[in-house]
Every structure is written in structure tokens, then in C-alpha cells.
Amino acid sequence: MATVPLKDELDIVIPTIRNLDFLEMWRPFFEQYHLIIVQDGDPSKTIKVPDGFDYELYNRNDINKILGPRASCISFKDSACRCFGYMVSKKKYIFTIDDDCFVAKDPSGKDINALEQHIKNLLCPSTPYFFNTLYDPFRDGADFVRGYPFSLREGVSTAVSHGLWLNIPDYDAPTQLVKPLERNTRYVDTVLTIPKGTLFPMCGMNLAFDRDLIGPAMYFGLMGDGQPIGRYDDMWAGWCCKVICDHLGLGIKTGLPYIYHSKASNPFVNLKKEYNGIFWQEEIIPFFQQINLSKESTTVQKCYVEMAKQVNEKLGKIDPYFVKLADAMVTWIEAWDELNPPTKDSAKATNAASK
């Protein structure tokens with residue numbers, strides 16, 4: 001059997017409320033890896049996982065037992081609960097996927113091994129400081145173009161690999177409503193680094209990251225049950241991660257791999273969840289564009305706690321929700337540090353990233 005890339009260094013995190021029959025089609029790609037399944041909704045419901053997979057499953061009762069009073073920072077009845085899986089993992093890399101995401105085919109009709117492409121992205125440097133017009137210079141058949149500074153060609157460590165979707169695009173509710181039949185059939189064979197200083201809308205349904213480099217910033221916020229906003233969990237994590245990656249000199253790639261997003265969620269339900277976010281994002285984005293982190297913030301945790309303070313001070317004026325979110329951000333870091341006490345290796349990785 002061919003060697004399995006990062007077999008012992010990567011966990012697959014899946015949030016779900018249903019039986020995981022979708023894993024059958026992913027079997028050739030996922031079977032060798034350890035799965036962390038975070039069950040949302042009713043903890044008394046039994047979730048069936050196909051035979052042959054190595055997995056651990058956590059429901060709400062488990063989360064409450066493990067985190068105690070800090071469990072309040074993990075969202076309920078929202079896919080944001082997946083970030084609990086990031087916290088309990090002990091691996092260097094995480095790949096997370098939604099249970100309505102199927103194996104896509106490339107233009108030649110071959111099944112796309114999404115996980116393999118994410119691993120390639122994460123193991124190659126990023127180039128956030130100068131845009132290469134041939135996109136990712138580290139891919140086969142590409143290189144740095146004429147005029148690209150030699151001093152920047154080494155690149156920086158890649159912290160996040162953000163994949164895309166064929167079939168149902170990741171649209172917000174208003175766009176879904178005006179384009180109900182739109183499908184993404186365009187396969188663009190490209191990976192590129194998101195430039196420093198540029199934010200992006202991160203989607204959590206097909207995402208991989210280096211947990212050692214950026215894990216503590218991958219908090220999907222307070223969303224869903226009891227909260228005035230939903231469907232902004234991955235966006236929030238993406239904005240926080242990008243600002244911190246820019247500050248610590250890390251890179252984020254987007255593009256390949258594609259998955260097949262099988263079903264559109266209800267736009268009217270989505271509108272109800274997103275309603276506040278659609279207004280709030282017009283003030284949240286400038287906040288993230290202008291945020292400055294201090295020189296003292298040399299670790300992801302320090303960056304995140306400093307960011308939480310600014311969320312409280314600046315976004316708290318928009319709505320009391322952001323004061324609550326800022327508190328949850330700090331609670332999340334406390335819980336992360338409790339379950340992931342720093343080791344010599346993590347200290348080395350942090351020091352390398354902050355140089």
C-alpha cells in the first residue's frame with residue numbers, strides 16, 4: 001500500500017447531527033486517518049459511523065464534562081461546535097469537512113483526493129509579501145516570475161489551506177434568494193497565497209490548518225442556539241486567523257482542493273441566522289482591517305487575548321453580543337491552554353513563527 005501522508009500527524013474533524021453515511025465515499029481517502037466527530041444537538045441520539053473507521057465521538061455531555069464551566073464557549077446547535085475537536089486533538093494538522101460534502105471530480109473525471117491536496121498546500125511555503133502572477137510558485141510546472149525579489153522567494157510557513165466547492169457555492173442568504181439555481185461548475189486549477197493585509201471570507205466546510213501554528217485562533221465563536229447570529233462562525237475564525245497570521249509572519253492559501261457541496265441550506269432559515277451579521281459585518285471588517293497587535297504579542301494565544309480586548313472595547317459598542325463574544329474568546333484560550341499545556345516543541349514553533 002502507498003504511504004499515507006501525515007497519517008500519524010493529522011486528525012479529521014467532522015461536526016454532525018446525523019449518521020455519517022457520507023464517509024463511505026471518502027473511505028479510500030479517510031480510512032487511514034483518525035476522525036474526531038463532534039455531535040451537535042440531542043446528546044441522547046446515537047450517531048452511526050460506518051465500520052472500519054478509527055474515530056472518537058464527543059456529544060454535548062462530553063463537552064460539558066471535559067470543559068466544565070468553560071464549556072460555555074462552545075456553541076450549541078451550530079457547526080461552530082466543531083472547534084471543540086480542534087481543541088481535543090493532539091495532532092499537528094487538522095482537516096475539517098461538513099457531512100454534506102462529497103468527493104468531487106476533476107475535469108478529467110478523476111476523483112479528487114481533497115485531503116492530499118490540503119497536505120501539499122500546508123507543507124509548501126506561502127508568499128504573502130509579494131504576489132506571484134503564476135500563483136503558487138511551489139506547484140509543479142510553476143516558479144517565481146521575472147521581477148520577483150530573490151530575498152522573498154523562501155516564503156513563510158503555511159498555517160491555513162482553504163479549499164473550494166463545486167456544485168452549491170458558499171453564498172449568503174440574499175445571494176441564495178436571487179440566484180437559487182446557480183451552481184459552480186468552474187474548476188480553476190489554482191492555489192494562491194492571500195496577500196498580507198487582505199482579509200477573506202473563510203468557509204469551514206473544506207479547510208485544513210497547522211494546529212501548532214494557528215490552532216488557538218481557530219475559534220468559531222459563539223453562534224447558534226441562544227445567540228443573535230449564526231453562519232458567521234467560520235468567517236469570524238478566518239478574520240482572526242488572517243490578522244494573526246499577518247502579525248506573526250505566517251501564510252494562508254486558497255484554491256484547490258475542491259469538494260462537491262451536495263445540498264443548499266434553506267435561504268429563509270439562513271437569512272434569519274445571518275440577519276444581524278449582514279449589518280454588523282460592515283463595521284466588523286473595518287475593525288479587522290485597522291487592528292494593530294503589539295510587539296509583545298509573540299504567540300497566537302497572546303495575539304488572541306489582545307484581540308479579544310479590542311473586540312470588547314470597539315465592537316462592544318455595536319451590540320452587547322460582542323462583549324459576550326470577547327469573554328468567550330478569552331475562555332476559549334484558557335480551555336485550550338488547559339487541554340494543551342505548552343511543550344518545548346510548541347515553544348520552538350511559536351518562536352520560529354514570531355521571528
Side-chain angles (χ1 to χ4, degrees), residues 12-15 75 78-87 93-98 100-101 114-115 117-118 121-122 126 128 136 157-165 168-173 175 184 188 190-211 213-224 229-248 250-259 261 265 270 273-274 277-278 280-282 284-289 291 300 303-304 307 311 315 325 329 332:
I12 299 172
V13 173
I14 304 167
S75 298
D78 191 276
S79 72
C81 68
R82 80 177 79 217
C83 62
F84 177 76
Y86 311 158
M87 190 188 274
Y93 299 100
I94 296 282
F95 170 54
T96 186
I97 187 168
D98 284 1
D100 62 349
C101 293
L115 186 49
Q117 179 64 49
H118 276 301
N121 292 350
L122 289 170
S126 289
D136 192 341
S157 299
T158 300
V160 181
S161 169
H162 177 255
L164 300 174
W165 346 268
I168 307 289
D170 186 29
Y171 285 160
D172 54 35
T175 311
N184 183 33
V188 182
T190 293
V191 177
L192 64 150
T193 298
I194 301 171
K196 185 181 180 188
T198 302
L199 295 170
F200 77 113
M202 188 173 86
C203 172
M205 73 173 101
N206 172 25
L207 180 72
F209 59 93
D210 185 323
R211 192 174 166 279
L213 288 181
I214 199 64
M218 272 290 174
Y219 176 46
F220 276 44
L222 283 179
M223 303 280 155
I229 183 174
R231 282 173 56 84
Y232 272 83
D233 50 340
D234 41 10
M235 300 288 148
W236 183 262
W239 297 327
C240 293
C241 282
K242 185 59 168 68
V243 168
I244 292 172
C245 281
D246 285 353
H247 178 72
L248 294 178
L250 300 167
I252 296 181
K253 293 188 176 189
T254 186
L256 300 180
Y258 283 93
I259 48 86
H261 186 204
S265 43
N270 290 348
K273 291 177 182 176
E274 293 170 5
I278 290 167
W280 290 346
Q281 73 184 15
E282 301 307 320
I284 296 171
I285 301 296
F287 164 76
F288 280 108
Q289 285 171 329
I291 201 166
V300 176
C303 289
Y304 205 70
M307 193 178 270
V311 167
L315 296 182
L325 176 57
M329 290 167 75
W332 158 266

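Atom set for the values below is all heavy atoms of this structure, side chains included, hydrogens, waters and symmetry mates excluded.
Note: Ser161 OG to Leu122 CG = 5.0 Å, rounded to the nearest 0.5 Å. Atoms OG1 and CD1, on Thr96 and Ile14 in that order, are 7.5 Å from each other to the nearest 0.5 Å. Atom-to-atom distance recorded for Ile229:CD1 and Asp78:CG is 10.0 Å, nearest 0.5 angstrom. Interatomic distance, Asp233 CG to Lys273 NZ, rounded to the nearest 0.5 Å: 9.5 Å. For the atom pair SG of Cys240 and CE of Met218, the computed distance is 10.0 Å after rounding to the nearest 0.5 Å. Note that CZ of Arg211 and OH of Tyr86 are 11.5 Å apart. Values are rounded to the nearest 0.5 Å.
For the pair Met307 and Phe288, the minimum side-chain heavy-atom distance is below 4.5 Å. Between Leu115 and Ile12, the closest side-chain pair of non-hydrogen atoms falls below 4.5 Å. Residues Phe84 and Phe220 form no side-chain contact, since every pair of their non-hydrogen atoms from C-beta on lies 4.5 Å or further apart. Phe287 places a side-chain heavy atom less than 4.5 Å from the side chain of Val311. Residues Ile252 and Met202 form no side-chain contact, since every pair of their non-hydrogen atoms from C-beta on lies 4.5 Å or further apart. Contact check for Asp234 versus Leu207: no side-chain heavy atoms found under the 4.5 Å cut-off. With contacts defined as side-chain heavy-atom distances shorter than 4.5 Å, the pair Tyr171/Asn270 does not qualify. The shortest side-chain heavy-atom distance between Leu250 and Ile244 does not fall under the 4.5 Å cut-off.
Between Asp98 and Arg82, at least one side-chain N (NZ, or NE/NH1/NH2) sits under 4.0 Å from a carboxylate O, which counts as a salt bridge.
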In sequence, state the C-alpha distance, the side-chain angles, and the governing distance for Tyr232 and Ile278, and then conclude on side chain to side chain contact (heavy atoms under 4.5 Å, CB included).
-> CA-CA 9 Å; Tyr232 272 83; Ile278 290 167; 3.8 Å; yes

Give the C-alpha distance, both sets of side-chain angles, the deciding distance and a yes or no for side chain to side chain contact (heavy atoms under 4.5 Å, CB included) between Leu213 and Ser157.
-> CA-CA 9 Å; Leu213 288 181; Ser157 299; 3.8 Å; yes

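Within the 3.5 Å criterion, the main-chain N or O of Val188 finds a donor-acceptor partner in the side chain of Tyr258. Judged by distance alone, with hydrogens and angles left aside, the side-chain atoms of Trp332 form no donor-acceptor pair with the main-chain N or O of Ala217 at under 3.5 Å. A donor-acceptor pair under 3.5 Å is absent between the side-chain atoms of Glu274 and the main chain of Asp172, judged by distance alone. Side chain of Asp246 to backbone of Gly197: a donor-acceptor contact under 3.5 angstrom is found. Here the side chain of Ser126 pairs no donor or acceptor atom with the backbone of Lys253 at under 3.5 angstrom. Between the side chain of Lys242 and the backbone N or O of Thr198 there is at least one donor-acceptor pair closer than 3.5 Å.
Inspection of the Thr158 and Asn121 side chains reveals no N or O donor paired with an N or O acceptor under 3.5 Å.
Minimum interatomic distance between Pro15 and Cys81 (heavy atoms only, all atoms of both residues): CB-SG, 4.1 Å. Closest non-hydrogen pair, Ile214 versus Ala159, comes out as CG2-O, 3.7 Å. Closest approach of Gly230 and Met223 over heavy atoms only: CA-SD, 4.0 Å.
When the side-chain contact (heavy atoms from CB on, under 4.5 Å) test is applied to Ile259, the partners found at least two apart in sequence or on another chain are Trp26, Ile97, Cys101, Ala114, Trp165, Met205, Asn206, His261.
Between His118 and Phe95, the ring planes are tilted. Angles from 30° to 60° get that label. Using cut-offs of 30° and 60° for the angle between ring planes, the His162 and Phe200 rings count as perpendicular.
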